[in-house]
Amino acid sequence: MMKTRNAFPPDFLWGGAIAANQAEGAWKEGGKGPSINDALRHGIVHGKLDQAIEEGVHYPSHEAIDFYHRYKEDIALFKELGLKCFRTSIAWSRIFPNGDELLPNEQGLQFYDELFDELLKNGIEPVITISHFETPLHLVRAYGGWKSRKLIDYYTRYCEAIFTRYKHKVKYWMGFNEINHMHTIPLAAGAVEITDGAGQLQDIYQASHHLFVASAVAAKLCHTIIPGSQMGCMLSLSIIYPNTCNPEDVFETYELRRRSLFYSDVLVRGEYPSYSRRIFEEHGIEISMEAGDLELIRRHPADYVGFSYYRSSTHQAGQPILGNTGGIIGMDNPYLSKTAWGWPIDPKGLRYVCNEIYDRYQKPLFIVENGLGARDEIREDGSIEDDERIEYLNRHLRELNEALLDGCEIIGYTWWGPVDIVSAGTGEMEKRYGFIYVDKDNSGQGTLERIKKKSFGWYRQVIATNGGALFTDTAAGT
Ligand code: BG6
């Protein structure tokens with residue numbers, strides 16, 4: 001076999017990523033209003049919004065890992081880890097507690113000023129998601145989330161406030177986390193509550209249109225207020241394979257993939273793709289648009305494609321790809337092992353997706369989420385030997401290197417959850433991604449103490465050598 005070489009460019013953004021609602025806690029502090037996550041007991045996949053947020057009940061986001069109060073300690077660890085960039089989100093409801101106020105909440109703005117200053121002081125570039133599964137709860141209750149066109153105005157106001165305030169601090173932005181999850185978890189992606197009603201698909205596409213317009217407005221504003229800034233889109237692009245070479249499996253899988261790529265097609269190419277016409281016709285979808293919407297979308301596409309990649313799944317024609325709660329099921333892939341949460345581990349799939357997306361758009365890629373959720377055990381001597389996580393990371397980074405060699409332009413890679421955080425899907429704390437352990441369990445008990453795991457030293461070495469350590473015997477053998 002040909003020996004591979006290290007292809008990571010010198011300015012590659014090695015990083016880590018979290019989201020405000022999964023880390024900050026302090027759900028009512030500093031004038032913050034509740035977001036959808038604050039009304040979910042068991043995460044976004046399995047949960048329905050509580051009608052009222054109850055006292056004395058454990059809601060995982062209310063304290064999370066208390067990043068709000070401990071970010072300095074965590075950033076010091078990120079610096080030690082050598083992170084070049086750090087992706088987090090701004091909690092919309094810290095800036096506009098209900099979402100529809102006219103003026104932003106100064107205390108909320110101040111918090112992110114201090115957070116970004118701390119990152120920059122430590123030589124870490126902030127990469128910011130504007131909306132990560134945490135729409136202000138009031139916007140769901142009062143307007144039905146992104147089904148309502150009014151949200152474009154509220155989001156615009158929010159964007160103006162944060163772009164103006166952080167224009168000297170943040171260069172890399174992304175509009176909506178995993179926007180293509182509108183189909184699988186519309187509550188998370190578009191604050192649209194799931195109904196069993198026949199109008200569900202109509203609601204999803206209408207809300208998606210509003211998200212597209214909002215994304216274009218945000219890109220326009222961002223480039224105007226912050227010259228030289230980069231506005232990316234963000235999709236969940238874990239890959240999906242046909243179960244067999246039966247053309248029925250192959251084509252249905254292709255259609256499912258297009259259901260995701262529909263979102264990047266609009267956001268990157270700036271046009272509704274031709275295949276969407278048939279979908280709209282067959283499902284009787286009628287999207288209400290205003291004059292100028294399509295022109296706006298066309299003129300303000302995304303600068304880069306940010307995406308998450310965790311796993312692959314396998315599809316057989318006629319079988320559901322989703323369970324009743326929105327989680328991916330699919331068929332078993334006999335070639336792959338699985339995580340403790342049943343997610344197939346497929347490093348080659350990451351190379352596949354990079355090539356697929358780069359071939360399609362020729363726009364820079366940014367892998368803004370990739371990681372392994374696993375149980376960790378603290379040994380008697382206090383150490384945590386997370387070799388499984390190291391192996392996952394090692395194998396995925398080697399495939400990323402192959403994608404670079406294939407010619408894909410890749411800006412950076414942010415590991416999901418460099419410090420343990422609350423699981424978005426299930427609300428569990430014990431589904432851990434971190435290189436840094438956080439002492440807290442699923443019921444919310446624990447000291448919140450941070451402990452470095454074995455993977456911490458491993459990733460640090462990879463970053464310090466700009467990927468070189470991946471190709472030495474010590475790193476490869478882990
Ligand atoms: C992505 C989300 O879908 O997957 C993150 O953007 C999430 O917010 C991540 O945490 C991993 O999923 P989970 O359910 O293991 O937290």
Side-chain angles (χ1 to χ4, degrees), residues 15-24 35-38 40-47 60-61 64-65 67 86-92 127-135 174-191 232-240 260 263 305-313 322-323 325-329 338-345 349-350 353 366-376 388-389 392-393 396 413-434 438 440 442:
I18 61 168
N21 72 85
Q22 292 171 255
E24 286 176 6
S35 81
I36 50 175
N37 257 287
D38 296 322
L40 288 170
R41 300 177 188 203
H42 304 291
I44 210 104
V45 171
H46 303 283
S61 69
I65 61 158
F67 185 71
F86 177 63
R87 172 182 175 230
T88 187
S89 59
I90 294 177
W92 186 347
V127 175
I128 299 305
T129 320
I130 300 170
S131 180
H132 189 127
F133 296 178
E134 53 210 354
T135 309
M174 271 167 284
F176 296 96
N177 185 60
E178 297 187 335
I179 188 168
N180 55 318
H181 269 325
M182 275 309 294
H183 283 274
T184 45
I185 35 173
L187 176 61
C233 58
M234 192 319 194
L235 281 89
S236 163
L237 288 178
S238 289
I239 191 67
I240 174 166
S260 277
Y263 287 84
V305 185
F307 67 90
S308 64
Y309 176 86
Y310 288 93
R311 54 173 291 171
S312 58
S313 48
L322 296 175
T325 50
I328 299 175
I329 42 172
K338 287 182 181 167
T339 72
W341 272 261
W343 293 16
I345 300 176
L350 177 59
V353 175
F366 200 160
I367 292 88
V368 291
E369 285 187 32
N370 172 237
L372 173 77
R375 286 195 182 82
D376 286 317
E388 191 192 357
R389 186 168 293 108
Y392 179 101
L393 176 57
H396 282 78
Y413 170 92
T414 59
W415 172 266
W416 182 249
V419 56
D420 292 344
I421 52 176
V422 171
S423 155
T426 63
E428 289 162 289
M429 203 41 232
E430 289 164 30
K431 186 179 185 191
R432 300 175 181 280
Y433 286 85
V438 175
K440 186 168 180 181
N442 287 344

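As the structure lists them, so they are numbered: ligands from 1, and atoms in each ligand from 1.
For the pair Arg375 and Trp341, the cation-pi test (distance below 6.0 Å, angle within 45°) is passed.
Using modelled atom types, no side-chain atom of Thr129 and backbone atom of Ser131 make a donor-acceptor pair closer than 3.5 Å. Using a distance-only test at 3.5 Å, with no hydrogens or angles considered, a donor-acceptor pair links the side chain of Asn21 to the main chain of His132.
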Problem - Derivation and outcome, side-chain hydrogen bond (donor to acceptor under 3.5 Å, both in side chains), residues Asn180 and Ser236 - result: CA-CA 7 Å; Asn180 55 318; Ser236 163; 4.6 Å; no
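Within ligand 1, the atoms closer than 4.0 Å to a non-hydrogen atom of Ala424 are 7 (C), 8 (O), 10 (O), 13 (P), 14 (O), 16 (O), numbered from 1 in the order shown. Interface atoms of ligand 1 facing Lys431, defined by a heavy-atom separation under 4.0 Å, are 13 (P), 14 (O), 15 (O). Atom numbering of ligand 1 starts at 1 in the shown order; those under 4.0 Å from a heavy atom of Gly425 are 13 (P), 14 (O), 16 (O). Close approach to Asn177 involves these atoms of ligand 1, each under 4.0 Å from a residue heavy atom: 2 (C), 6 (O). Within ligand 1, counting atoms from 1 as listed, the ones closer than 4.0 Å to a heavy atom of Trp343 are 12 (O), 15 (O).
Glu134 and Ser89 share a side-chain donor-acceptor pair at under 3.5 Å.
Relative to atom 12 (O) of ligand 1, the option among Trp416, Tyr433, Phe133 with the closest non-hydrogen atom is Tyr433.
Annotation: atom 3 (O) of ligand 1 to nearest protein heavy atom, Glu178 OE1, 2.5 Å. Looking at atom 13 (P) of ligand 1, its nearest protein heavy atom turns out to be Ser423 OG, 3.5 Å. Residue, atom and distance of the protein heavy atom nearest to atom 10 (O) of ligand 1 are Gln22 NE2, 2.9 Å. For atom 1 (C) of ligand 1, the closest heavy atom belonging to the protein is Glu369 OE1, 3.0 Å.
Considering backbone and side-chain atoms together, Thr426 places no N or O closer than 3.5 Å to any N or O of ligand 1. Between His181 and ligand 1, no N or O atom pair is found at a separation short of 3.5 Å.
Residues forming a salt bridge (Lys or Arg N to Asp or Glu O under 4.0 Å) with Glu369 (at least two apart in sequence, or on another chain): Arg87.
For residues 422-434, the set of pairs meeting the salt bridge (Lys or Arg N to Asp or Glu O under 4.0 Å) definition, not counting sequence neighbours, comprises Asp420-Arg432.
Residue Tyr310 places a heavy atom under 4.0 Å from ligand 1.
The minimum heavy-atom distance linking Phe307 with Leu350 is given by the pair CE1-CD1, 4.2 Å.
Checked against Asn370 for a side-chain hydrogen bond (donor to acceptor under 3.5 Å, both in side chains), the options Trp416, Tyr433, Tyr392 give a single hit: Tyr392.
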